[in-house]
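Notes follow the structure.
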Amino acid sequence: MLDPKLIRNDLEGTAEKLERRGFKLDSEKLATLEAERKKLQVETQDLQSLRNNSAKSIGRAKASGEDVAPLLAAVADLGDKLKDVELRLNDIQQQLNEILMGVPNVPHASTPLGIDENDNQEVRRWGEPTELGFEPRDHVDLGAGLGQMDFETAVKIAGSRFTLLSGPLARLHRALTQFMLNMHADEHGYRETYVPYLVNSDSLRATGQLPKFGEDLFRMGDDGDYYLIPTAEVPVTNIVRDEIIEADRMPLKFVAHTPCFRSEAGSYGKDTRGMIRQHQFEKVEMVQVVRPADSYNALEELTRHAERILRELVLPYRVVSLCTGDLGFSAAKTYDLEVWLPGQQKYREISSCSNFEDFQARRMKARWRDPEAGKPQLVHTVNGSGLAVGRTLVAVMENYQNVDGSITVPEALRPYMGGLEAIR
RNA sequence: GGAGAGGUGGCUGAGUGGUCGAAAGCGGCGGUCUUGAAAACCGUUGAGGGUUUAUCCCCUCCCAGGGUUCGAAUCCCUGCCUCUCCGCCA
């Protein structure tokens with residue numbers, strides 16, 4: 001959420017910055033509502049003050065045995081007046097809040113200007129696109145050839161956009177998860193966490209999925225206010241919701257492996273082949289809760305942590321800085337990691353690392369005790385995939401394929417595969 | 001699922017419808033004493049918001065949302081959560 005103070009003090013400047021990401025802020029409406037809010041709030045508080053004082057005098061008069069009838073008469077209509085103003089104030093505040101909850105984050109100054117993904121900037125590249133020396137097959141053909149990846153049966157069991165893995169390929173999928181978790185927990189200093197896969201709407205509002213993006217989520221039926229998580233970011237970041245963190249505990253670094261569930265409404269016809277875009281996929285997610293001054297360093301660090309996985313697996317990739325127009329709703333700056341897929345002859349997103357600054361923290365009321373400020377201050381949140389497991393499996397399959405259709409197991413994963421050197 | 005008890009500041013825990021944002025203790029912070037520390041003693045110590053240059057002042061918050069009342073932490077209703085017993089269960 002935007003700082004409401006920006007609306008009062010720098011409405012035009014904020015509107016201009018939001019325009020960079022293609023968002024039109026209704027400044028006129030906001031200014032009108034804000035003026036009305038101010039007026040009604042002052043009025044409400046005056047009436048409340050009057051009520052408090054009257055009630056106290058009545059109490060005192062009663063205690064000393066005086067006749068309170070005239071005092072009661074004096075405040076006879078106060079209650080109705082107050083209720084009326086309170087209702088109007090409430091209404092205005094709700095309108096303001098509704099608008100604010102729908103406003104995306106302001107892009108950071110270093111986020112490149114642009115309209116869509118074509119304007120994203122390549123920041124660096126690691127490795128060269130894999131040269132196999134034969135016509136590469138994509139993961140779907142490879143998986144089918146091995147008899148270990150079966151979309152038809154997944155359709156029977158659930159529907160489209162699901163995958164069934166079996167045998168060594170299923171184990172490779174698990175090996176990737178363990179490898180990533182161990183790396184971040186043991187070498188990068190993240191605290192491993194196990195979290196709920198169902199969350200309530202408060203949590204989704206806090207990280208920014210609600211109210212705007214409800215159609216991307218799977219919602220549970222009649223049984224309470226539950227949604228399947230679209231990413232571990234939601235349960236993990238919400239650990240600090242409504243908390244005030246002591247300065248010496250900062251930064252907090254969490255890593256979690258969870259399944260993720262996305263309805264993929266609005267992506268009909270996109271990536272329908274294979275396991276690139278699924279309703280259910282596994283992801284290892286890193287989350288950092290940091291001091292505001294440290295958040296951009298934290299973003300660089302966390303991005304490197306995600307890259308480390310690709311390097312250890314020797315998968316060629318590039319890092320892309322998302323432009324203002326391609327930025328996610330809650331992010332101020334985002335690096336995407338794109339891995340080379342020989343089957344598509346393209347770099348494809350495998351991780352997304354973002355700094356949300358205080359956008360999520362404000363919605364979440366996540367604060368820390370800043371010794372400088374003397375008052376609790378909002379934290380910054382930074383997160384990123386480290387990595388999307390399904391897509392990493394695809395990348396391993398396609399980059400490590402052999403001409404006979406077998407797949408060499410990357411060195412780093414062999415300890416997790418019982419020493420297996422190739423999947424055939 | 002059934003029956004009962006309960007949700008108060010960082011924690012423990014008082015609170016009769018009327019200066020109660022709330023006693024007391026612990027913890028934290030500052031100080032006195034001390035070479036230093038401990039102990040003891042003294043002081044201080046919740047969050048959010050409005051107005052203001054700032055101080056002051058004012059408002060809201062005792063799980064959440066409604067209600068009763070001139071006045072609610074306290075009374076009533078609904079929801080959520082926790083605990084105990086029984087049942088069921090990986």
Side-chain angles (χ1 to χ4, degrees), chain A residues 1-11 30-31 33-98 100-101 194-206 210 219-220 222-227 235 238-250 252 289 358 360-379:
Chain A
M1 193 162 100
L2 279 184
D3 187 348
K5 288 198 178 80
L6 284 178
I7 304 232
R8 286 168 220 170
N9 305 331
D10 188 23
L11 191 53
L30 274 173
L33 284 172
E34 171 55 22
E36 186 69 6
R37 188 228 97 223
K38 199 171 197 171
K39 197 186 116 219
L40 285 174
Q41 182 154 355
V42 170
E43 207 174 320
T44 303
Q45 295 191 352
D46 283 348
L47 286 174
Q48 282 171 332
S49 180
L50 183 61
R51 177 203 59 197
N52 291 346
N53 288 327
S54 310
K56 277 172 192 167
S57 354
I58 291 171
R60 268 194 300 265
K62 229 174 186 173
S64 59
E66 291 170 40
D67 179 18
V68 295
L71 285 170
L72 285 180
V75 294
D77 62 337
L78 186 60
D80 290 337
K81 256 198 235 164
L82 183 58
K83 201 159 277 177
D84 175 59
V85 186
E86 274 175 344
L87 275 174
R88 282 193 289 152
L89 177 61
N90 236 315
D91 178 56
I92 295 287
Q93 270 170 338
Q94 242 168 46
Q95 287 186 51
L96 267 171
N97 199 39
E98 218 165 279
L100 286 178
M101 287 298 273
Y194 170 78
V195 296
Y197 302 157
L198 296 178
V199 294
N200 57 38
S201 56
D202 283 343
S203 293
L204 289 157
R205 247 186 300 279
L210 289 179
R219 183 176 193 168
M220 296 292 96
D222 329 310
D223 214 21
D225 173 36
Y226 287 130
Y227 296 78
N238 272 279
I239 292 172
V240 296
R241 170 150 58 93
D242 292 319
E243 298 291 333
I244 300 174
I245 303 155
E246 296 303 329
D248 59 9
R249 291 186 59 214
M250 304 274 277
L252 295 172
V289 178
D358 62 10
Q360 295 181 326
R362 181 168 295 105
R363 292 176 164 229
M364 197 151 36
K365 294 190 185 64
R367 292 158 295 169
W368 71 294
R369 267 189 218 287
D370 180 357
E372 309 282 300
K375 265 196 151 193
Q377 302 290 314
L378 293 172
V379 300

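The figures that follow rest on heavy atoms only: side chains count, while hydrogens, waters and symmetry mates do not.
When both distances must be under 3.5 Å, the Watson-Crick or G-U wobble mate of B:rC62 does not exist. Across all strands shown, the partner of B:rC70 is B:rG18, judged by Watson-Crick or G-U wobble contacts whose two distances both fall under 3.5 Å. Across every strand in view, B:rC33 sits unpaired, with no contact that passes the Watson-Crick or G-U test at under 3.5 angstrom. If you check B:rC83 for Watson-Crick or wobble pairing at under 3.5 angstrom, you find it paired to B:rG4. In this entry B:rG27 has B:rU45 as its Watson-Crick or G-U wobble partner, both defining distances falling under 3.5 Å. In a base pair of the Watson-Crick type (N1 to N3 plus N6-O4 or O6-N4) or a G-U wobble (N1-O2 and O6-N3), with each distance short of 3.5 Å, B:rU51 is matched with no nucleotide.
A:Arg37 and A:Glu34 are joined by a salt bridge, as a carboxylate oxygen and a charged side-chain nitrogen come within less than 4.0 angstrom of each other. Salt-bridge annotation for A:Glu243 and A:Arg367: absent, with no side-chain N of the basic residue lying under 4.0 Å from a carboxylate O of the acidic one.
Partner of A:Asp91 under the side-chain hydrogen bond (donor to acceptor under 3.5 Å, both in side chains) criterion, chosen from A:Gln93, A:Arg88, A:Gln95: A:Gln95.
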Quick test: give all pairs of protein nitrogen or oxygen and nucleotides 27-29 of chain B nitrogen or oxygen below 3.5 Å, distance rounded to 0.1 Å.
none

Could you list, one pair per line, each protein nitrogen or oxygen that sits under 3.5 Å from a nitrogen or oxygen of nucleotides 61-66 of chain B, together with the distance?
none

With the criterion being N/O to N/O and under 3.5 Å, what pairs connect the protein with nucleotides 69-76 of chain B, and how long is each?
| residue | atom | partner | partner atom | Å |
| --- | --- | --- | --- | --- |
| B:rC70 | N4 | A:Lys62 | NZ | 3.4 |

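Nucleic acid contact for A:Arg60: base, since at least one base atom lies under 4.0 Å from a heavy atom of the residue. Using a 4.0 Å heavy-atom distance criterion, A:Asn52 is classed as a sugar-phosphate-only contact. Residue A:Lys39 is classed as having no contact, given no heavy-atom separation below 4.0 Å to the nucleic acid.
If A:Pro376 and A:Gln48 are placed on RNA chain B by their nearest nucleotide, the residue sitting closer to the 5' end is A:Pro376. Between A:Val42 and A:Leu50, the residue anchored nearer the 5' end of RNA chain B, judged by the nucleotide with its closest heavy atom, is A:Val42.
The phosphate of B:rG10 (OP1 or OP2) has no side-chain N or O of A:Arg369 nearer than 4.0 angstrom.
Using atom C1' as the reference point in both B:rG49 and B:rU82, the two lie 31 Å apart (nearest Å). Spacing of P atoms, B:rC11 relative to B:rA23, comes out at 16 Å, to the nearest Å.
The CZ-P distance, from A:Arg8 to B:rU51, rounds to 7 Å in whole Å. Remark: P of B:rG10 and CD of A:Glu246 are 10 Å apart, rounded to the nearest angstrom.
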Would A:Arg205 and A:Asp202 count as a salt bridge (charged side-chain N to carboxylate O under 4.0 Å, His left out) if you check the C-alpha gap in whole Å, the side-chain angles of each, and the deciding distance to 0.1 Å? CA-CA 5 Å; A:Arg205 247 186 300 279; A:Asp202 283 343; 3.3 Å; yes
